There are 2 protein chains.
Amino acid sequence: MDQSTAKPSIREGNERAILAAAEAVFAEQGFGGATMAAIAARAGVPKPNVHYYFPTKAGLYRAVVEQVLTAWLDAAHAFDTSADPVEALTTYIEAKMDLAREMPLGSRIWASEILRGAPVIQDFLDTTLTQWVRSREKVVKRWIAEGRLKPIEPKVLFYMIWATTQHYANAAHEIATLEKGGGLDDEAFQRAKTQVVEIILGGVTK
Amino acid sequence: MDQSTAKPSIREGNERAILAAAEAVFAEQGFGGATMAAIAARAGVPKPNVHYYFPTKAGLYRAVVEQVLTAWLDAAHAFDTSADPVEALTTYIEAKMDLAREMPLGSRIWASEILRGAPVIQDFLDTTLTQWVRSREKVVKRWIAEGRLKPIEPKVLFYMIWATTQHYANAAHEIATLEKGGGLDDEAFQRAKTQVVEIILGGVTK
DNA sequence: GTCTATAATCGGATAGAC
DNA sequence: GTCTATCCGATTATAGAC
């Protein structure tokens with residue numbers, strides 16, 4: 001789109017490779033445990049090259065976290081406030097389960113960031129997430145007033161959904177150990193998804 | 001109990017202070033992000049003193065994790081396999097909620113360790129935890145066969161309980177942000193505990 | 001835009017005086 | 001048992017040739 005018309009862009013390819021490598025290393029080692037050398041090795045580029053594209057480790061980390069944020073927001077839109085509670089919650093829980101399945105690294109980075117007290121995404125918690133919760137709380141309370149849900153604190157429900165769905169990414173290793181080492185295959189995961197929806201909906205609908 | 005009869009023991013006091021400081025720093029920074037200097041400063045002792053009592057950072061981390069393990073096992077016993085499902089699950093969920101409330105640092109270290117793939121506690125996952133899950137799975141399946149619970153995969157239930165209860169420790173900062181900055185007071189936490197029990201039991205009992 | 005060589009700093013660990 | 005001074009490997013970051 002810019003001057004350099006048809007350039008498949010070396011820059012773009014390298015940035016992508018570095019971001020992908022960084023996502024994996026930050027997910028495995030945490031921010032403090034990750035090293036630029038490990039990221040460079042995984043991306044298949046020399047170490048100074050990483051610094052060329054991302055001058056500081058903190059900046060690279062921010063870039064990775066912001067990618068994860070985008071995915072989180074997409075999943076958040078699955079909570080359709082116009083739908084009825086069963087449909088809205090089913091769609092949302094399934095979207096969050098799929099996100100944990102398809103982006104386990106991002107989910108783990110997110111969890112790690114929250115564990116540390118959200119040093120990088122605090123402003124997101126203060127603004128976008130707070131607004132998301134406020135608006136969805138109203139919807140849940142309306143459903144309760146209409147007698148379609150049990151009288152629960154909406155946040156208790158949200159926390160249960162977030163924690164349970166992300167557990168399938170965050171604790172994938174623990175799960176694999178308990179499943180005789182193999183982890184969940186697609187079929188087992190789909191069953192788990194269905195049952196998570198059933199248990200939560202069974203617990204909150206009248 | 002040994003030769004040095006009535007020694008209140010400088011050693012004991014220092015070890016306790018260092019372990020407490022290490023728990024806090026590991027919980028905040030993760031293993032990789034924690035530094036011996038930060039732990040020493042928090043414990044109020046010079047850095048080499050930490051190495052005197054705990055020669056290596058990895059060893060100190062193991063000592064902290066083992067403390068957490070003990071607490072986990074105590075809570076696990078709250079799952080009374082002789083009781084009826086409502087009573088057993090209620091007691092267990094409440095015990096896990098109380099653990100998250102009373103030992104938030106330990107819960108966060110546990111979560112961080114699981115996130116990284118359990119490098120230190122893998123043998124515990126392979127032995128004690130696997131056995132715990134196997135035996136409780138049998139109990140849940142019996143309850144299902146007796147028609148007292150819906151036909152669910154027991155592990156889906158366990159994961160939901162673990163993830164949801166520990167969320168109150170792991171995401172305490174996020175929760176505080178969403179609760180207008182104050183965090184949950186005792187009353188709000190007790191309400192949440194009750195509702196977590198109600199939703200899960202409502203979702204799995206017939 | 002790439003990468004070798006290197007600077008500068010941090011952090012785990014230790015020596016040795018007290 | 002305590003702690004100052006210090007070592008040294010690891011790590012972030014940069015300079016500068018190509």
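The basis for the numbers below is simple: all heavy atoms, side chains too, and nothing from hydrogens, waters or symmetry mates. This one's a predicted model, so the numbers in the text were calculated from it and none came from an experiment. Below, read A as the first sequence line, B as the second, and so on, with proteins coming before strands; counting in each chain starts at 1.
- With rounding to whole Å, A/Arg11 atom CZ is found 9 Å from C/dG1 atom C1'.
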In residues 60-75 of chain B, what donor-acceptor pairs under 3.5 Å come from side-chain atoms, sequence neighbours left out?
residue, atom, partner, partner atom, Å
B/Tyr61, OH, B/Glu113, OE1, 2.7
B/Thr70, OG1, B/Glu66, O, 3.1

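- Between the OH atom of B/Tyr61 and the P atom of C/dG12 there is a distance of 15 Å, rounded to whole Å.
- Checking side-chain atoms of A/Arg108 against main-chain N and O of A/Ala169 turns up a donor-acceptor pair under 3.5 Å.
- The side-chain hydrogen bond (donor to acceptor under 3.5 Å, both in side chains) analysis of residues 192-204 of chain B, with sequence neighbours excluded, yields the pairs B/Asp98-B/Lys193, B/Gln190-B/Lys193.
- For the segment residues 17-29 of chain A, the set of residues with a heavy atom within less than 4.0 Å of an atom of DNA chain C is empty.
- Side chain to side chain, A/Gln166 and B/His167 fail the donor-acceptor criterion of an N or O pair below 3.5 Å.
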Could you run down the sub-3.5 Å N/O contacts of the protein with nucleotides 8-10 of chain C?
none

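- Using the six-membered ring where Trp is involved, B/Trp162 and B/Tyr159 have ring planes that are tilted, between 30° and 60° apart.
- Between A/Leu178 and the choices B/Leu129, B/Asp126, B/Leu125, the side-chain contact (heavy atoms from CB on, under 4.5 Å) rule is met once, by B/Leu129.
- Side chain of A/Lys150 to backbone of A/Gly203: a donor-acceptor contact under 3.5 angstrom is found.
- Near DNA chain C, defined here as any heavy-atom distance below 4.0 Å, the residues from residues 39-56 of chain A are A/Pro46, A/Pro48, A/Asn49, A/Tyr52, A/Tyr53, listed numerically.
- Rounded to whole Å, the distance from CG on A/Leu60 to P on D/dT12 is 11 Å.
- Side chain of A/Thr164 to main chain of A/Ile161: no donor-acceptor pair is present (N/O by atom type, distance under 3.5 Å, no hydrogens or angles).
- Within the cation-pi definition used here (under 6.0 Å to the ring centroid, within 45° of the axis), B/Lys96 does not qualify as a partner of B/Tyr168.
- A ring-ring contact (aromatic ring centres under 6.0 Å, His included) check over residues 81-100 of chain B, counting only residues at least two apart or in different chains, returns the pairs B/Phe79-B/Tyr92, B/Tyr92-B/Trp132.
- Residue contacts for A/Ala58: at a heavy-atom cut-off of 4.0 Å it reaches no nucleic acid atom on any strand shown.
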